[in-house]
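Notes follow once the structure below has been shown.
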Amino acid sequence: MENAHTKTVEEVLAHCNVNESTGLGLEQVKKQKERWGPNDKHWILMISFSSLLLLHMCSRIIGLIRITCRRRENTMGIGA
């Protein structure tokens, strides 16, 4: 389905032959898995989360280093 983001929920459900209340039946799941392969993309989410966490930790460390340098400059009378 092209431009699925522009379709209504009903159009997408009809195209994918899915019931909104019950989801896919077991046979549909088997057919989709054979056609598209297993849904194993969860590792991308883990990498993304890990990258964000690492970036956040680095920014906090850099912030602490900057604060420490400023305090040292103030106590030594540098940069005033």
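Because only heavy atoms are used, hydrogens play no part in the values below, and waters and symmetry mates are left out as well, while side chains stay in. Index from 1, following the sequence.
No continuous path of ILVMFWY side-chain contacts below 4.5 Å connects Val29 to Val12, so the two sit in separate hydrophobic clusters. Cluster membership check: Leu24 shares its hydrophobic cluster with Val9, using side-chain heavy-atom separations under 4.5 Å among Ile, Leu, Val, Met, Phe, Trp and Tyr.
Interatomic distance, NZ of Lys33 versus CD of Gln28, reported as 15.5 Å (0.5 Å rounding). A distance of 14.0 Å separates CZ in Arg70 from OG1 in Thr75, rounded to the nearest 0.5 Å. Note that CD of Gln32 and SG of Cys16 are 7.5 Å apart. Values are rounded to the nearest 0.5 Å. To the nearest 0.5 Å, atoms CD (Glu11) and OG1 (Thr6) are separated by 7.5 Å.
Crowding of Met1 atom CE: a count of heavy atoms from other residues, nucleotides or ligands under 6.0 Å exceeding 12.
Between Arg66 and the choices Thr68, Ile62, Leu64, the side-chain contact (heavy atoms from CB on, under 4.5 Å) rule is met once, by Ile62.
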